[in-house]
Amino acid sequence: NEMIYVGSLRADFELYTLLTTAEPVLTEVWLDKPKVAMIAWKDNGRLNINELIEAIGDLATGSDTSTASPRSVFHVDKVHLTNGTYSYFDQRETNMAGFDYYHFTLDSISAEVDQLRIAGDTFEINVQALRCVDVKTKLRAHEMDVFYRYTSQNMQFEHLKAHIGKSFVANYLEFQYDSTDDLSDFNEKVTLKAHLDSSRFHTDDLAFFAPTLNGLNETYTIWTDLS
């Protein structure tokens with residue numbers, strides 16, 4: 001099975017700069033029908049994408065220890081994403097009712113992305129107008145803006161504004177873990193830190209995760225800090 005597939009890719013860049021600079025830059029990229037299939041293996045729970053992440057991290061760090069900060073592998077100034085698909089499948093778990101966070105597929109993904117950068121173990125992007133839909137529940141992300149950062153020990157969602165279903169979430173989320181392998185045991189090994197500001201949660205959306213809320217037709221507005 002393919003872990004990463006791209007239907008169509010076009011890129012705008014300066015060839016001389018791309019080949020000769022220590023931190024190559026792609027000016028603009030158009031991605032159509034990209035697919036990412038993430039799997040947690042049955043035998044050890046390890047994510048198939050971890051090896052790719054580690055290889056990129058090793059490439060960025062390199063063998064030169066004379067510098068205090070890692071060099072970038074590359075950055076991309078702007079990305080136009082259309083018709084994307086992302087799936088996650090945990091081979092160790094059985095199917096769940098509602099939103100199955102062990103097995104799900106997000107389809108019709110579109111977004112405008114800038115500030116894409118990889119350096120050391122860090123991957124970061126600024127995402128605007130992200131839209132997608134969960135195939136099983138039909139829960140739709142109508143629009144999401146966020147600055148996303150992924151490292152070997154956390155995932156950060158900064159300046160988050162997300163309209164999902166009938167709900168709205170803002171403005172900071174962080175998931176903390178000891179290593180990326182912990183992501184395959186999310187409920188037990190990953191901790192949440194959050195600052196929620198004027199966030200609204202409708203029970204129609206929450207019911208996909210907590211079925212007892214189905215039919216209540218209520219909205220909860222929350223301001224809180226979690227750690």
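Only this structure's heavy atoms are used, side chains among them; waters, hydrogens and symmetry mates stay out. Note that the structure is a prediction, hence the values are computed from the model and not measured.
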Completion exercise
For residues 29-47, the salt bridge (Lys or Arg N to Asp or Glu O under 4.0 Å) pairs (sequence neighbours left out) are Arg46-Glu54, Arg46-Asp181
Problem - Spacing of Thr191 atom OG1 and Glu174 atom CD [to the nearest 0.5 Å] - result: 8.0 Å
Handout entry: Any donor-acceptor N/O pair, Thr203 side chain to Leu206 backbone, under 3.5 Å
Key = no
Handout entry: Linked, directly or transitively: Val36 and Leu9 (ILVMFWY side chains, under 4.5 Å)
Key = yes
Handout entry: Atom CZ of Arg149: over 12 foreign heavy atoms under 6.0 Å
Key = yes
Problem - Atom pair CD1 (Ile109) and CG (Leu31), whose distance is rounded to the nearest 0.5 Å - result: 11.5 Å
Handout entry: Gly45 versus Ala40, closest heavy-atom pair with distance
Key = O-CB, 3.9 Å
Problem - CG on Asn126 to CZ on Arg117, rounded to 0.5 Å - result: 14.0 Å
Problem - Shared hydrophobic cluster for Leu26 and Leu116 (ILVMFWY, side-chain gaps under 4.5 Å) - result: yes
Completion exercise
For Thr221 and Arg200, the nearest pair of non-hydrogen atoms, with its separation, is OG1-CG, 3.8 Å
Problem - Within 6.0 Å of CG in Asn44, more than 12 heavy atoms from elsewhere - result: yes
Exercise for the section: Give, for atom CG of Asp197 and atom NZ of Lys161, the distance between the pair rounded to the nearest 0.5 Å. Expected result: 10.0 Å
Handout entry: Inter- and intrachain pairs under ring pair (Phe, Tyr, Trp, His ring centres under 6.0 Å), touching residues 193-226, at least two apart
Key = Phe99-Phe209
Practice task
Considering non-hydrogen atoms only, spot the tightest contact between Glu158 and Val146 and give its length.
Solution key: O-CG2, 3.5 Å
Practice task
Using ring pair (Phe, Tyr, Trp, His ring centres under 6.0 Å) as the criterion, point out the one residue from Tyr177, Tyr101, Phe175 that pairs with Phe186.
Solution key: Phe175
Exercise for the section: Could you pull out all residues at least two apart from Phe168 that satisfy ring-ring contact (aromatic ring centres under 6.0 Å, His included)? Expected result: His163
Problem - Shared hydrophobic cluster, Leu47 / Tyr86 (ILVMFWY, side-chain heavy atoms < 4.5 Å) - result: yes
Handout entry: Any side-chain heavy-atom pair of His80 and Thr82 under 4.5 Å
Key = no
Tell me which donor-acceptor pairs under 3.5 Å the side chains of residues 129-137 have, and how far apart each pair is, sequence neighbours excluded?
| from | atom 1 | to | atom 2 | distance (Å) |
| --- | --- | --- | --- | --- |
| Arg131 | NE | His142 | O | 3.1 |
| Arg131 | NH1 | Ala129 | O | 3.4 |
| Asp134 | OD2 | Thr137 | N | 2.9 |
| Asp134 | OD2 | Thr137 | OG1 | 2.6 |
| Lys136 | NZ | Met96 | O | 2.4 |
| Lys136 | NZ | Gly98 | O | 2.9 |
| Thr137 | OG1 | Leu139 | N | 3.2 |

Handout entry: Ile4 side, atom CD1; Ile49 side, atom CD1 - distance, nearest 0.5 Å
Key = 5.0 Å
Problem - Heavy atoms from other residues, nucleotides or ligands near CD of Glu218 exceed 12 (cutoff 6.0 Å) - result: yes
Exercise for the section: Indicate yes or no for a side-chain donor-acceptor contact from Thr180 to the backbone of Ser152 under 3.5 Å, with no hydrogens or angles considered. Expected result: no
Exercise for the section: Check whether Tyr150 and Met3 end up in the same hydrophobic cluster, where Ile, Leu, Val, Met, Phe, Trp and Tyr are linked by side-chain heavy atoms less than 4.5 Å apart. Expected result: yes
Handout entry: Intermediate values then yes/no, side-chain contact (heavy atoms from CB on, under 4.5 Å), His159 and Asp145
Key = CA-CA 7 Å; His159 312 299; Asp145 299 338; over 6 Å; no
Practice task
Kindly state each residue pair satisfying salt bridge (Lys or Arg N to Asp or Glu O under 4.0 Å) with at least one member in residues 86-107, sequence neighbours excluded.
Solution key: Asp90-Arg92
Exercise for the section: Mind listing the closest non-hydrogen atom pair of Asp205 and Ile164 along with its distance? Expected result: OD2-O, 3.3 Å
Problem - Spacing of Phe89 atom CZ and His103 atom NE2 [to the nearest 0.5 Å] - result: 4.5 Å
Exercise for the section: Go through the structure and list residues passing salt bridge (charged side-chain N to carboxylate O under 4.0 Å, His left out) with Asp204, not counting sequence neighbours. Expected result: Lys166
Practice task
Spell out, yes or no, whether Val79 and Val6 are grouped together once hydrophobic residues are joined by side-chain heavy atoms under 4.5 Å, including indirect joins.
Solution key: yes
Problem - Atom of Leu183, atom of Tyr88 and distance for their closest heavy-atom approach - result: O-OH, 4.5 Å
Fill in the blank from the handout: Nearest heavy-atom contact between Ala37 and Asn48 is O-ND2, 3.0 Å
Practice task
Under the side-chain contact (heavy atoms from CB on, under 4.5 Å) rule, what do Val29 and Phe13 come out as? Steps first, then yes or no, please.
Solution key: CA-CA 9 Å; Val29 173; Phe13 56 88; over 6 Å; no
